Novice: 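I'd like to ask you about the structure that follows.
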Amino acid sequence: MNVLLIGNGGREHAIAWKLAQSKNLTRLYIAPGNPGTAQCGENIPISADNADELLDFSNQNDIGLVVVGPEDPLAAGLVDKLEAAGIKAFGPSGGAAQLEADKAFAKQLMRSSSISTAEGRCFDRFSDAKAYIASRDESVVVKAAGLAKGKGVFVCDDPADGILAAEKIMCDEIFGTAGNKIIVEDKLLGEEASILAFVDGRNIYVMESSQDHKAIGDGDTGPNTGGMGAYSPAPVVTDELISHITHEILVPVVDGMNRNGTPYKGVLYAGVMITGGGPRVLEFNVRFGDPETQPILARLKSDLLEVLLAVCDGTLDRITLEWDRRPAVCVVMASGGYPGDYEKGKKIVGLEDAQQIEDVIVFHAGTKDIDGDIVTNGGRVLGVTALGDTIKDAKERAYRGVEKIKFDGAYCRRDIADKAIKGSGD
Ligand code: AMP
Ligand code: GLY
C-alpha cells in the first residue's frame, strides 16, 4: 500500500521511521517532510495546509492511506476533504479536532461528561477576563482557546501576571485569532503525564504512557515550549491509574463526542495532572504528541500501518500491540533563543556519530538539507532518542548521542527523565 504522511516535525520523522518498517508498505511519501523523513520515504514539496494539492497527489499516486500528523490541517478539516473524495485518512474530522483547537469546546465537553479538570471560565472580552482575574487572590492559568503551537498557556503565580498574560493574548494578539477567546483556570499541582490512545470511534487502545517536559529550563523553569524531551513509560502512571484514566476520562470523551455528532477517530491524547485527588485533565490533543511519539514509537514492536488502518476501519478491537519492555528517552536539541526568537541555517555536524551508538535514533524536526549539508531550520531541531535497559541507561545513552551533535547555539535541557529516574529507584 502507498501511504502519504503529512507534516514535517520530529513526530512525523518518528511515524515515518516506524511506517517504513511495515510489511504492507509499498511507497511512503511525506508532505512536506524533513531531511529525516527523506531517509524513510520520498519527501513531496506540498505544504500541510494545501488540501487541494494533497488531494490531487493522493489521487494520482494510488494512496491507500493518508496519515495526518499535525493539528492545524486536522482542525482545518483535511480528513473530511480526503474522505469525501473516497481516500482513507487517519485522524479526526475537523469537527472532532475542536477538542484540541478550541479549549472552550473541550471544557464544555468535560463539564457535560463529568470529566475531572481544573475549574475554569471562558472569556471573549478582555475587560471581563481582567475583572475576573483581579477578583482572585491565587495563581491562575491563562490559556488561548485556539491553537498556539503549545505556547498558548501561561501559568501565573499572581493575578497581576495573569492580567498581563490575558492582555498579551487578547489585546496584543500574540497568537492572532487563536487568542480571541481565553480560558482562565485554577492552577493544578502534581506530576504531569501524557496518555495517548488509538480510538476508532468506539474502541480505545491505550498506548504506553509517557511524560513530556514543557518548560524550556531545567527543573521545569521558564516559558512553555512545544516540548523539550520525553520518556516512556512514565513510572508515575500505574496500571491502576491507566484503568482510572480510561474509564473516567477516555471513555466519557469518546461517548461525549459520539453524542455531539462528532465521533472520534485517530489518536486521542489526554494531558493529565496527577493531583492528590486523582488525575485531572489539562488538555486534549487530537494527534500524536511531539516529542512523546519519539520514545513511544521507539518502543512499539508491532506494525504501525496495521494499527492505523484498524483505526480507520473501526476494527481496533482485533488488534493487540507488542511493546519493547525497555524504556526510551528523547532529548530535544533546540536553537538558542527558542521559544523566543532564534536564528536558522546553522550547520549541524555529528549526526552520523550519534546514530552509531547502539539503540540511539536521531529524529529530525527543524532541519533542512542544503546541498548535502544539514542545517537548522526551526526552534526544535532534533530529538535524540535512546532505548536502555533502565530509564537511567536510556537517559545516559540519549545524552551520549547529544554530545556527538554540534551546531551553533545548540540548547537542550539536562534533566530529561530525572523525575522518572527518581520514581523508578534506578
Ligand atoms: P496545555 O497546552 O493546556 O496542556 O498546557 C500546557 C502546559 O501548561 C501543561 O503541560 C502544564 O504544564 C501547564 N498547565 C496547563 N494547565 C494547567 C493548570 N490548570 N495547572 C497547572 N499547570 C497547567
Ligand atoms: N508534547 C505536547 C504536544 O504534543 O502538544
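A quick note: this is a predicted structure, and the numbers were derived from the prediction, not measured. Numbering of ligands and ligand atoms starts at 1, following listing order.
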Novice: For atom 9 (C) of ligand 1, what is the nearest protein heavy atom, given as residue, atom name and distance?
Specialist: Glu192 OE1, 3.5 Å
Novice: What protein heavy atom is closest to atom 7 (C) of ligand 1, reported as residue, atom name and distance in Å?
Specialist: Asn224 ND2, 3.5 Å
Novice: From the options Leu54, Leu4, Leu78, Val286, select the one residue that forms a side-chain contact (heavy atoms from CB on, under 4.5 Å) with Val68.
Specialist: Leu78
Novice: Under 4.0 Å, counting heavy atoms only: does Phe288 come that close to any atom of ligand 2?
Specialist: no
Novice: To which protein heavy atom is atom 13 (C) of ligand 1 closest, and what is the distance rounded to 0.1 Å?
Specialist: Val155 CG2, 3.9 Å
Novice: Check ligand 2 against Asp212 and write out every atom of the ligand that is under 4.0 Å from a heavy-atom position of the residue.
Specialist: 1 (N), 2 (C)
Novice: If every non-hydrogen atom of Leu25 is compared with every non-hydrogen atom of Val3, which pair is closest and at what distance?
Specialist: CD1-CG2, 3.6 Å
Novice: With side chain to side chain contact (heavy atoms under 4.5 Å, CB included) as the test, would you mind laying out the steps for Val332 and Cys412 before giving the verdict?
Specialist: CA-CA 6 Å; Val332 169; Cys412 69; over 6 Å; no
Novice: Does ligand 2 have an atom that lies less than 4.0 angstrom from a heavy atom of Gly227?
Specialist: no
Novice: Please report which non-hydrogen protein atom sits nearest to atom 20 (N) of ligand 1, along with the residue it belongs to and the distance in Å to one decimal place.
Specialist: Leu188 N, 2.8 Å
Novice: Specify the closest pair of heavy atoms between Ile416 and Met228, including all atoms of both residues, with the distance to one decimal.
Specialist: CD1-O, 3.6 Å
Novice: So Phe57 and Tyr29, would you call those rings parallel, tilted or perpendicular, with 30° and 60° as cut-offs?
Specialist: perpendicular
Novice: Give yes if a backbone or side-chain nitrogen or oxygen of Glu292 is under 3.5 Å from a nitrogen or oxygen of ligand 2, and no if not.
Specialist: yes
Novice: Taking side-chain contact (heavy atoms from CB on, under 4.5 Å) as the criterion, tell me which of Val267, Leu268, Val206 meets it with Phe198.
Specialist: Val267
Novice: Hey, is Val153 touching ligand 1 through its side chain, its backbone, both or neither, going by heavy atoms under 4.0 Å?
Specialist: side chain
Novice: Considering heavy atoms of the protein only, find what lies nearest to atom 2 (O) of ligand 1 and give residue, atom and distance to 0.1 Å.
Specialist: Glu283 OE1, 2.9 Å
Novice: Do any nitrogen or oxygen atoms of Arg11 lie less than 3.5 angstrom from nitrogen or oxygen atoms of ligand 2?
Specialist: no
Novice: To which protein heavy atom is atom 17 (C) of ligand 1 closest, and what is the distance rounded to 0.1 Å?
Specialist: Leu282 CD2, 3.4 Å
Novice: If you count the atoms of ligand 2 from 1 in the order shown, which ones are under 4.0 Å from a heavy atom of Gly226?
Specialist: 1 (N), 2 (C)
Novice: Counting non-hydrogen protein atoms only, what is the nearest one to atom 3 (O) of ligand 1? Give residue, atom name and distance.
Specialist: Lys143 NZ, 3.0 Å
Novice: Taking a cutoff of less than 4.0 Å between a non-hydrogen atom of the residue and any ligand atom, is Arg287 in contact with ligand 2?
Specialist: yes
Novice: Number the atoms of ligand 2 from 1 as they appear, then name those within less than 4.0 Å of a heavy atom of Gly289, with their elements.
Specialist: 4 (O)
